[in-house]
Enquirer: 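Please find one structure pasted underneath; my questions will follow.
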There are 2 protein chains.
Amino acid sequence: MDKILRIDMGAPGGPAVKTEALGEYAGLGGRAMTSAVVAKEVPPTCHPLSDANKLVIAPGLLSGSAAAISGRISVGCKSPLTGGIKEANSGGQGAQVMGRLGYAAIILEGKADDDSLYKVFIDKDGVKLESAEDLKGLGNYATVEKLSAQYGSKVACVTIGQAGEMKMSAASIAFTDVEQRPTRHAGRGGVGAVMGSKGIKAIVLDDNGMKMRQPADPEKFKAANKAFAAGLRKHPVTGEGLPAFGTNVLTNVVNEAGGYPTHNFKTGQFEGASNLSGETQAALENERGGEGSATHGCHRGCVIRCSGTFYDKDGNFVTKQPEYETVWAHGGNCGIDDLDVVAQLDRMDDDFGLDTIEMGATIGVAMEAGLAKFGDSQAAIRLLQEVGDGTPLGRILGNGAAVTGQVFGVERVPVVKRQSMPAYDPRAVQGIGVTYATTTMGADHTAGYAVATNLLGVGGSVDALKPEGQVELSRNLQIATAAIDSTGMCLFIAFAILDQPDTFNALVDLVGAFIGQPMTADDVTALGQSVLKNEREFNRAAGFTANDDRLPDYFKKEALAPHNVTFGVTDEELDTVFNW
Amino acid sequence: MDKILRIDMGAPGGPAVKTEALGEYAGLGGRAMTSAVVAKEVPPTCHPLSDANKLVIAPGLLSGSAAAISGRISVGCKSPLTGGIKEANSGGQGAQVMGRLGYAAIILEGKADDDSLYKVFIDKDGVKLESAEDLKGLGNYATVEKLSAQYGSKVACVTIGQAGEMKMSAASIAFTDVEQRPTRHAGRGGVGAVMGSKGIKAIVLDDNGMKMRQPADPEKFKAANKAFAAGLRKHPVTGEGLPAFGTNVLTNVVNEAGGYPTHNFKTGQFEGASNLSGETQAALENERGGEGSATHGCHRGCVIRCSGTFYDKDGNFVTKQPEYETVWAHGGNCGIDDLDVVAQLDRMDDDFGLDTIEMGATIGVAMEAGLAKFGDSQAAIRLLQEVGDGTPLGRILGNGAAVTGQVFGVERVPVVKRQSMPAYDPRAVQGIGVTYATTTMGADHTAGYAVATNLLGVGGSVDALKPEGQVELSRNLQIATAAIDSTGMCLFIAFAILDQPDTFNALVDLVGAFIGQPMTADDVTALGQSVLKNEREFNRAAGFTANDDRLPDYFKKEALAPHNVTFGVTDEELDTVFNW
């Protein structure tokens, strides 16, 4: 990973490809890389779909090496959804393959004058930019199928579906998984729309002939990696809960805690939750396909393996095992308790290239607007199909909950910085409310997953229903997360490293051994803080103020059943999150 | 005007009506009143459609008196379109009648739990709130017809059409004119959506039995009023140009100056402009109806009388004589050069209750998105009909250009603070560009009409194509306008008072004689500044920053033909507009 690939779509005479040295970006990976490039090179006030915006794709610092579970990739830009900086993180094969190809970042910049569509093929011999007119209008599945036929079954594909081509603010970028299916997504903030605005339909990564990246200190690396992986296997969440039931293990937990947003964040418990639970899902998957969870990592090198495969009742592949947030978004939030329906919606999202969280929250708002009844599965499917079809109604929904709320005159729209809240009600899980409100990303649970401490007792204990202690909790998690997102490590390692000092030390040693420079915990904190500083500064320059670090008013007024709580962290406290 | 009427739609047990003394709002009228109430009583971060927002309707300080041309009315709230404070100003009979009824403000507040629709009837005996279920879904014309049948042909009606009921961000509030037609609108910023969110379809004002408001010093008032009216008749713009051709006298002027935004602000001249001009329009109106301009004031007491009536080729009434900005919005901006089409679109806007500027700019964006070809009249009519019908596409368009641009992935969207720019390209009329960028209202020509000085040579001379002097010009005009908008005076008096010191002095004397307290020019300036200060402070607290006081980037990059100019006022200069 000693070079950066720049593709200037607006170069005079047509798109121009350039490979350059890392320069000032040396030593950065993942989110640290994407946020550094965006903060430095993108004018904060530019239109997100303009030639001035850039799309930055960066594997983590350790991606492509033998480090356990290091295959996460970051996608950064100015977000069409939030208007602020964005890092959307994805699994899939992209990070490992791109890392082995030696690119620390691919930067798509400029903009063509016409609507031509291109694909990029990258292998050991270099970079080719070719017309992708034959892929126009295709979903991710059909796109990958065509790419597979042309480039073989071992390449990693980075693609957009119809939503990205239509430049919808909820459009994602798909990364193929181990089975070369487009099931892993940089989902949030409309990164797919920016790729679409650049006229790039697909990036194909072929690491044939390339080797695994080698650590600077192989012995120390090997030992640290072993200890790290063992720590992950030892912790009850990463070693048992996630492998057994996937992320959807959370449905019962969050629902019992009264923090499961139901009917567009109207109540905190859903009567149909048990039909959607990870336990039910695993049983169903085992019954239908003979394989439940614990069988799939989203990328090679994963040691948690929290994913699985969802088959329909006739044994046909539908989609990867839907994640907890997806099951919530298309399930309980819309009053739907049918896993087959959720899986179908998940498949449609993956195919059209849409953020499942944004789409579920948006359909919830549409239901509140009266476009369909809560619980009406067929209506939800029909609404999502409209998005793929690009009908006017679909265009509305595909631009997310904030637009949908405005268009239909709905007041209760659960967004921060115009991005939909995920699957944890901030009134009953107040720590995650602090993260929603203050993260640079817009409402995003992954930016500082206080749920771990509020509900799972990981990393200490802070009462989920009270405001006390939440700011400090969220602050520390946001800093740690920004660092983890820069390594290429899956965020789920947090469960183990928060609870097990030796696993945290193993991670620090692992990174240090890889780069050949001993690391300390302070270095990790400093890295996280520097990433957040870049992002905050970009958002400030883009026009964000303390007012944008707030939940919508109604979370402070409407009490949430069953605990009858409102969000209690004051504005003044929220404004201290970034004081360190 | 010694009392305020408050209607609390969210009161326990149903809507509650309360009349109270002016208290701290004593001495305020029009925009000074609406902005004071909104700044003091509306939480800046509230959702514009929530119970916390308030809709304030206030006649000018002199409305209802014998003061010439004092029948303008202000409508204020937090804007659903911009998210900032809003004052939308209208002609029609409302101001005079409400003034004579003695109400300095009507404040609609709170919000019902259900979708019930009400009408308010106000006469000398008091206030009645009644069900308006029979008016549900009606356009303004049908609504007023029903109200007229019930309350007689002399009442003034304040109503919303379908757009307001649907809470669209481009929804206006209609005020009936002298002929009791709903042709005058508080157009901008979605004030109609706020009225709709309160569940109020109509306010009927009956001043039967009430007397004209009396000045404190009748002799001085009479003399000042005479001098003031004479000054208006003497000035070439208010005495000749406007009466002869209406506001549409500007089409040829602005087009010849190269500042006529054409095809969604793509060029500065329109080849079909002469077909749309005020001269052509007046000839057509004379030919068809036997009466051109100079026949109509929008309210009794007008001495400029810049309006007229538009009949179709068979002599049937279509609409009032469309204003210049309307003719531009639905005409040249969309490549349409047919006055009959423009009149039809104007009538539809008035009936649905929509801001003509926002709708024309929005259809221009839709045309840029490929939904119709520039110049396709029938498509424009069809698109606007969808808004009234509330189809998904109509809902998009009815929420304005910013939403439409996002939904269809269009980069070139001519808005500031999410409000569409009116009929003057800020590159070729740089003074108005400063006003668009910096006014508290979002892009709004009436907030500081630098066109007067840039193009018409009124109030001095500042080169329209250069940045020099524009900040000072806009600053002074914004201050003066905020004061004028508080008196109930039509803004068109500015032409005469800017050029004729004796007319300005007559105005100052007129106000002083009415309130019984001698006024000076400094008092006028202080009034204007205090209004702007309230508004700026509200917007700041709502989250607006210097970034919001900017034109979209492309106005600084794309040169406008025929002068090949870009907007040249720097950000640093823009940030000095409110330094006084």
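So that the names make sense, note that chain A is the first sequence line, chain B the second, and so on, each numbered from 1.
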Enquirer: Heavy-atom distances under 4.5 Å only: say whether A:Ala541 touches chain B with side chain, backbone, both or neither.
Expert: backbone

Enquirer: If you take all heavy atoms of A:Gln406 and B:Pro80, which pair is closest and at what distance?
Expert: NE2-O, 3.8 Å

Enquirer: Counting only heavy atoms not in B:Lys136, do more than 12 fall under 6.0 Å of its NZ?
Expert: yes

Enquirer: Which atom pair, heavy atoms only, marks the closest approach of B:Asn547 to A:Thr45?
Expert: ND2-CG2, 3.3 Å

Enquirer: Heavy-atom pairs under 4.5 Å with chain B: which of A:Asp548, A:Thr391, A:Leu393 has the most?
Expert: A:Leu393

Enquirer: Just verifying a value: how many Å separate B:Thr404 OG1 and A:Arg395 CZ, rounded to the nearest 0.5 Å?
Expert: 11.5 Å

Enquirer: Checking B:Asn399 against chain A: side chain, backbone, both or neither under 4.5 Å from a heavy atom?
Expert: both

Enquirer: When rounded to the nearest 0.5 angstrom, what is the spacing between CE in B:Met166 and CZ in A:Phe408?
Expert: 10.5 Å

Enquirer: Would you mind checking which part of A:Val407 comes under 4.5 Å of any heavy atom in chain B, side chain (CB onward), backbone (N, CA, C, O), both or neither?
Expert: both

Enquirer: Answer whether the closest heavy-atom distance between the side chains of A:Asp553 and B:Ser50 falls below 4.5 Å.
Expert: no

Enquirer: At what distance, to the nearest 0.5 angstrom, does NE2 of A:His47 lie from OH of B:Tyr554?
Expert: 9.0 Å

Enquirer: Using non-hydrogen atoms and a 4.5 Å limit, figure out which bit of B:Val413 sits close to chain A: side chain, backbone, both or neither.
Expert: neither

Enquirer: Show the numbers, then the answer: is there a side-chain contact (heavy atoms from CB on, under 4.5 Å) between A:Lys111 and B:Glu411?
Expert: CA-CA 12 Å; A:Lys111 193 172 163 180; B:Glu411 183 192 336; 2.9 Å; yes

Enquirer: Can you name the nearest heavy-atom pair linking B:Asp51 to A:Lys557, along with the distance?
Expert: OD1-NZ, 4.1 Å

